[in-house]
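Chain A is the first sequence line, chain B the second, and so forth, proteins listed ahead of strands; every chain is numbered from 1.
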Amino acid sequence: MKQMLTGNAAAAWGARLADVDYVPAFPITPQTEIIETISHWSSDGTMGCRFVMMDSEHAMVTAAGAAAATGVRVFTATSSQGLLYALEAMYTVAGWRVPLVMVNVSRGISSPITLEADHNDILSARDTGFLQIHAETCQEVVDSIIMGYRIAEDPRVLLPIIINMDGFSLSFTREPVTIPDKDKIASFLPTYHPEHALFRASSPMSQGVAVLGGGAYSYFKYQTHLAAMNAIEVHNEIADLYGSLTGRHYGLVDSYKTEDADYVFIITNALATRGKAAVDHLRLQGKSVGLLRPRLIRPLPVEAIASQLEGKKGVIVIDQNISPGLGGILFQELAAALYSTPHRPDRIKSFVGGLGGKNISQDEFDYMLSAVSQDEYLWTDQPELLYTQAEWAQMQSMLAVAGKEVPDDNYLSIDT
Amino acid sequence: MTTTYRSTRDIPEQEYLSAGTALCAGCGGLECIRLFHKVLGKDVVFVNAAGCMTLLTTYPMTPFQGSWLYTTMGSAAAGAQGVRDALDVLIERGRMSSKEDLKVVVLAGDGSSADIGLTATSGAMHRNLDFYYLCYDNEGYGNTGFQMSSTSPFGSHTHTTDPVASHPAGTEQNKKDLFEIWRAQKPPYLATVSPRHPVDMARKIEKSMATDGPRMFLALSPCPPGWGYEPGQTHEIARGAVETGIWPLKEAIRGMVYHTHTPKMDPVATYLEMQDRYRHLFEPKRQEAAISQIQEKVNEYWASQNVRFRDA
Ligand SMILES: Cc1ncc(C[n+]2csc(CCOP(=O)(O)OP(=O)(O)O)c2C)c(N)n1
Ligand code: SF4
């Protein structure tokens with residue numbers, strides 16, 4: 001069944017097909033359509049789950065983890081400020097080693113406050129122990145949620161997982177989505193009967209207990225790391241099964257025309273669609289380019305990424321996030337991933353773009369390619385901010401209206 | 001309702017909380033938990049907020065016969081929500097026998113309950129969650145070394161309210177009235193308890209077990225290191241708090257308040273004097289104004305017209 005669905009509706013469909021038992025929720029733009037849809041389906045009996053409005057995301061994630069620790073299948077969703085508000089609880093429930101799926105709809109983080117997408121929200125949850133899959137399309141959202149339960153619930157993993165999608169460009173954009181067949185999914189993901197320890201009268205259990213000393217602490221933290229690493233193999237098994245069931249095959253990374261390319265752009269999430277169009281455009285001009293989109297961010301599929309980039313002339317990492325005082329977050333991780341690769345590309349450039357939902361134009365893609373492929377390649381330890389003349393002119397006029405002195409600094413990457 | 005608990009002899013001998021925990025000797029809060037576990041029975045899950053009690057279960061040991069879930073300092077009530085909802089869903093959907101059901105009990109200190117966890121608790125009450133909430137009130141942030149919480153009483157010394165010349169009383173704020181804050185939401189059962197009055201406490205727990213929804217308990221929890229007295233004096237201190245009228249024993253059924261014990265109304269100074277945290281009110285110079293301010297608040301409370309009595 002193919003329908004035009006927003007990313008948010010696709011997420012609600014994912015939860016519906018996964019036959020979830022429990023959905024604690026708290027609203028935040030641009031995630032609200034997900035929880036409104038599930039609330040509606042829960043109250044009219046379309047979904048058999050219990051839906052509960054919580055009083056904050058911190059409470060929501062605690063309740064989600066506690067329910068998972070009691071043995072039900074849990075779904076929840078948030079975004080941006082909500083994800084940050086929940087952060088303490090996220091570390092906590094990941095440490096309980098319980099599976100659940102949470103959707104994050106990426107949105108920039110205050111201050112200044114905005115509603116549009118970038119990835120500082122989701123990347124701040126990088127070290128919580130939640131696995132992360134970053135989706136490019138609405139179809140991938142629904143498929144990743146369903147596969148996400150199989151990965152999270154696998155006894156080799158037993159960790160919560162986030163499916164990430166971009167606010168607006170995915171959450172509110174309708175795309176044709178094939179809604180998987182209910183019965184097929186029921187066979188792929190049957191009703192949840194967990195085997196891990198649960199709260200039961202006949203078998204008392206202590207969960208989240210204190211440890212004394214670093215020995216026990218390190219042991220449990222490292223166990224979480226090993227379990228997260230197992231998710232690579234488990235992902236591949238599950239993706240194979242899912243592929244043969246639905247005809248849609250997902251890899252650890254999504255490579256677009258990389259095989260014969262000399263230069264590769266690296267972009268995550270919905271912006272990759274824009275990047276693929278730019279690659280096509282550059283190829284028409286005879287440029288040897290491709291695009292690599294890491295789908296799994298935690299665990300980071302280091303080997304898959306390195307093998308795709310081996311022997312390339314140059315790599316362009318576009319980070320839709322910024323770590324003040326360092327630069328692009330993914331750039332740091334990918335540079336480290338490539339360091340010990342035998343034939344690693346000797347040129348790698350870091351760009352920060354798309355912050356707060358800002359577009360990246362074809363001219364900017366052209367510019368980035370020339371920056372990494374020109375004869376006189378300049379290694380810089382600082383990322384370049386993608387910022388056009390037109391954007392700068394607009395900013396200057398806003399500064400003037402605000403009565404601020406307009407700095408002479410040239411923020412521009414390119415002259416268009 | 002007839003009660004099982006007429007005297008201390010009626011309190012079950014069966015212990016569900018074993019001795020030898022890492023807590024301080026004479027911990028009043030631990031006394032309350034012990035009695036709760038006895039009366040509620042073995043089939044409970046304690047959902048804990050960060051505080052002294054978090055150290056009860058340390059890998060790989062637990063003193064409890066029941067289950068345990070440590071959450072965060074601010075979200076124990078939300079953890080209770082998740083566990084309760086999941087148990088209900090499993091029973092409803094026929095995936096768990098009701099014989100496996102558990103009573104869900106939040107275990108949180110006054111700092112967690114009145115400060116960082118107040119929203120989560122209010123939310124769980126608003127959703128009419130079927131759970132028990134035991135706040136052991138030691139009147140400060142005990143686990144971190146006894147700093148002022150919003151339930152530290154006026155005139156007490158904590159490690160962030162040193163009595164000095166410009167602030168002779170130490171803590172200058174009045175204790176946040178968590179009983180009244182909770183009562184505003186009209187839970188089906190709400191009570192204060194004291195470890196010195198185990199029969200009163202057992203009756204209240206038993207009574208609450210006959211209803212559904214939020215069953216809220218505020219337990220006076222004398223704390224030897226935080227309050228400054230010898231561990232052997234815990235019961236004397238608890239008695240003092242009750243008999244001076246500082247800690248009224250009461251219950252509220254859907255908001256309607258009844259007192260369950262008539263205090264002797266001993267002068268508050270007799271209670272204050274026993275504890276180092278009030279020493280500065282007596283030495284080097286007696287601070288008459290501060291002491292009478294405390295006395296007057298107590299008098300005012302008991303003189304107020306809505307004080308009704310009955311046995312728990
Ligand atoms: C979010 C957060 N902030 C601060 C702390 C540090 N902390 C741990 S226990 C505690 C005091 C808790 O006080 P209370 O709830 O009264 O319980 P008690 O320690 O007295 O048992 C604090 C502040 C924490 N664990 N989490
Ligand atoms: S500090 Fe006080 S409340 Fe904490 S364990 Fe010791 S006696 Fe009990």
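Remark: K186(B) NZ is loosely packed, at most 12 non-hydrogen atoms of other residues, nucleotides or ligands lying under 6.0 Å away. Counting non-hydrogen atoms of other residues, nucleotides and ligands closer than 6.0 Å to OH of Y91(A) gives a total above 12.
Heavy-atom neighbours of chain A within the stretch residues 126-141 of chain B, taken at a separation under 4.5 angstrom, comprise R127(B). The stretch residues 75-93 of chain B places S75(B), A78(B), G79(B), Q81(B), G82(B), V83(B), D85(B), A86(B), L87(B), D88(B), V89(B), L90(B), E92(B), R93(B) near chain A, each with some heavy atom under 4.5 Å from a heavy atom of that chain. Applying a 4.5 Å heavy-atom cutoff, the residues of residues 53-62 of chain B that approach chain A are T54(B), L55(B), T57(B), T58(B), Y59(B), T62(B).
With a 4.5 angstrom heavy-atom cutoff, F220(A) touches chain B only via side-chain atoms. With a threshold of 4.5 angstrom between heavy atoms, V93(A) does not approach chain B through any atom at all. Interface residue Y22(A): only side-chain heavy atoms are found under 4.5 Å from chain B. For S202(A), the parts lying under 4.5 angstrom from a heavy atom of chain B are both the backbone and the side chain.
Side-chain N or O atoms of Q207(A) include none that pairs as donor or acceptor with a backbone N or O of L69(B) at under 3.5 Å.
When the candidates C49(A), A67(A), G208(A), A59(A) are compared by the number of heavy-atom contacts under 4.5 Å with chain B, A67(A) comes out ahead. Each of M96(B), K103(B), K99(B) has some count of heavy-atom pairs under 4.5 Å with chain A, and the biggest count is that of M96(B). Annotation: maximal heavy-atom pairing with chain B below 4.5 Å, among T70(A), V52(A), V74(A), L212(A), occurs at T70(A). Of the listed residues (G66(B), S67(B), A120(B)), the greatest number of heavy-atom pairs within a distance under 4.5 Å of chain A belongs to S67(B). Counting heavy-atom pairs closer than 4.5 Å to chain A, the top residue among T119(B), T72(B), D43(B) is T72(B).
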Between F199(A) and E100(B), does the side-chain contact (heavy atoms from CB on, under 4.5 Å) criterion hold? Intermediate values first, please.
CA-CA 9 Å; F199(A) 297 116; E100(B) 293 283 16; over 6 Å; no
After noting the C-alpha distance and the side-chain angles of R200(A) and D101(B), does the key distance pass the salt bridge (Lys or Arg N to Asp or Glu O under 4.0 Å) rule?
CA-CA 7 Å; R200(A) 295 291 182 268; D101(B) 200 9; over 6 Å; no
Validation: residues 21-30 of chain B side-chain donor-acceptor distances under 3.5 Å, sequence neighbours left out:
unit_1	atom_1	unit_2	atom_2	d
T21(B)	OG1	L23(B)	N	3.3

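Smallest separation of non-hydrogen atoms from V209(A) and W68(B): CG1-CD1, 3.9 Å.
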